[in-house]
Amino acid sequence: MTMLEQRTIDSASREFRLNYEQTKRFAIDKAVYCDPFSICGHMWRIVCYPRGDIGSDSGEYLTLYLELLSTSTSGKAICDILLLNKNGKPCSRIASSRVCVPLPHSRNAAEWVFITSMYISFNNLEENFLTEGHITWVCSIMVSRDVSIPMPASDIGKHFGMLLDSMDGTDISFTIDNETFHAHRAVLAARSPVFKSELLGSMAESTMPNITLCDIAPATFRVMLRFMYTDALPRDDELGDSPLEMMRHLLAAADRYALDRLKLICAQRLLDGLSVDTVGTTLACAEMYSCLELKSKCIDFFTAGENFKKAFLTKGFIQLVQHFPSIIDELRERMGL
């Protein structure tokens, strides 16, 4: 089961003014509360301690808190408190407080949830922010919420695999060594430009109900055909006694029918099975079917440590040199010989 996630973002700002002249002689830990206000579907309140709360230094700092009052759905809030200077402009360099916090799913509404706070000294207040006996600040809040809808995993491959197994609606068949495979022209044409040209174009195969193939083994075609319907390959333990040999045959078939994704999957499987004994054969396969990524990785393997000396006398390397002698020049260049 996967989740389809959607995030909604709401934001708003509120301006507040404090009569500083009337409150600057308050006792420490005495608060002034603004009326609760709603932003982004949540109830908030500013709590101001004109001479600081217990946690501030000896009543020398004005303290502001942004408080979440209401029960909340899950999400995150980005909160910002900015004091306005004597010119009426927000001054984040001198005094601001910003924090990103997760909102709780639920809580006891009688409990305070302090979202952010700010401390500013009296000297700084009076010098930079006091205007006509008032201190003004702006509180900005942005809330994001994740809306998730449970979604099942994609089952298109399963359904197309069932279609292949049932043979319902098949309109083309392939015969390989007296074994017949039934398929759907439209599916093959959608997956392979080569099949599209052969089965839906002007070629003779477009009108033939059955096509005989001679350049591919039945086991290879069976795996390739199922991949074209399901976009999946069997596990190595389901591919017989020689999974790497099957991957080489599949890579050749993928190159023949322009199945680029299958070609890369086969290349990765061959790369996973790379060893001193297999690198020569794998490099020959990569060279023959123009798989540049696999070829580069094989050459890297040859030039690492003692691998070249160990692979030099293997049957796969001897066949590689016989069929692709230019590979030796590339290996020498890579190894600096």
Side-chain angles (χ1 to χ4, degrees), residues 7-57 59-147:
R7 174 164 292 181
T8 60
I9 298 177
D10 301 310
S11 63
S13 299
R14 292 288 188 276
E15 184 176 295
F16 301 89
R17 297 184 71 202
L18 173 70
N19 191 322
Y20 179 73
E21 294 299 331
Q22 291 184 0
T23 58
K24 66 181 180 180
R25 294 182 178 84
F26 274 20
I28 297 174
D29 205 28
K30 181 177 180 180
V32 177
Y33 303 92
C34 76
D35 293 331
F37 57 94
S38 176
I39 287 183
C40 308
H42 306 279
M43 294 303 297
W44 312 83
R45 181 169 65 176
I46 291 288
V47 181
C48 175
Y49 293 88
R51 293 195 59 209
D53 60 2
I54 296 175
S56 59
D57 287 343
E60 296 180 1
Y61 290 82
L62 179 142
T63 306
L64 293 172
Y65 287 108
L66 174 62
E67 179 189 355
L68 175 63
L69 292 175
S70 60
T71 300
S72 171
T73 57
S74 61
K76 290 185 177 181
I78 299 177
C79 309
D80 209 349
I81 298 176
L82 294 171
L83 289 176
L84 303 186
N85 63 20
K86 292 186 176 183
N87 296 321
K89 296 181 179 180
C91 191
S92 60
R93 182 181 62 84
I94 296 178
S96 70
S97 178
R98 187 172 192 178
V99 66
C100 179
V101 297
L103 299 178
H105 282 277
S106 63
R107 65 179 186 86
N108 187 336
E111 297 176 358
W112 291 3
V113 176
F114 289 125
I115 298 298
T116 190
S117 60
M118 181 175 64
Y119 300 82
I120 183 166
S121 69
F122 292 150
N123 290 337
N124 195 1
L125 274 174
E126 294 175 357
E127 180 180 351
N128 296 292
F129 302 102
L130 185 62
T131 304
E132 296 180 353
H134 289 79
I135 302 295
T136 305
W137 65 87
V138 174
C139 177
S140 298
I141 301 171
M142 181 172 68
V143 173
S144 65
R145 299 187 302 276
D146 292 330
V147 181

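Atoms OH and OH, from Y65 and Y33 in turn, are 11.0 Å apart once rounded to the nearest 0.5 Å. Going from atom CG of L84 over to atom CZ of F129 covers 9.0 Å, rounded to the nearest 0.5 Å. Here I135 contributes atom CD1 and L83 contributes atom CG; the two are 7.0 Å apart, rounded to the nearest 0.5 Å. Residue D35 holds its CG atom at 9.5 Å from CZ of R45, rounded to the nearest 0.5 Å.
Under the salt bridge (Lys or Arg N to Asp or Glu O under 4.0 Å) criterion, E127 pairs with no residue at all, not counting sequence neighbours. Every residue meeting the side-chain contact (heavy atoms from CB on, under 4.5 Å) condition with E126, not counting sequence neighbours, appears here in chain and number order: Y20, L130. Partners of S140 according to the side chain to side chain donor-acceptor pair (under 3.5 Å) rule, which considers only residues two or more places apart in sequence or in another chain, are S13.
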If you apply the rule side chain to side chain contact (heavy atoms under 4.5 Å, CB included), what do you find for W137 with L18, and how did you get there?
CA-CA 9 Å; W137 65 87; L18 173 70; 3.7 Å; yes
Walk me through whether L66 and I46 qualify under side chain to side chain contact (heavy atoms under 4.5 Å, CB included).
CA-CA 5 Å; L66 174 62; I46 291 288; 3.9 Å; yes
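The salt bridge (charged side-chain N to carboxylate O under 4.0 Å, His left out) pairs that include a residue from residues 12-22 are E21-K24, where partners are two or more places apart or lie in different chains.
The shortest heavy-atom contact between F26 and K30 is CD2-CD, 3.6 Å. Of all heavy-atom pairs between S38 and M43, the closest is CB-SD, 3.6 Å.
Ring centroids of F16 and F37 are separated by less than 6.0 Å, placing the two rings close together.
Heavy atoms from other residues, nucleotides or ligands lying under 6.0 Å from NZ of K86 number more than 12.
Side-chain atoms of N85 come within 3.5 Å of backbone N or O of N87 as a donor-acceptor pair.
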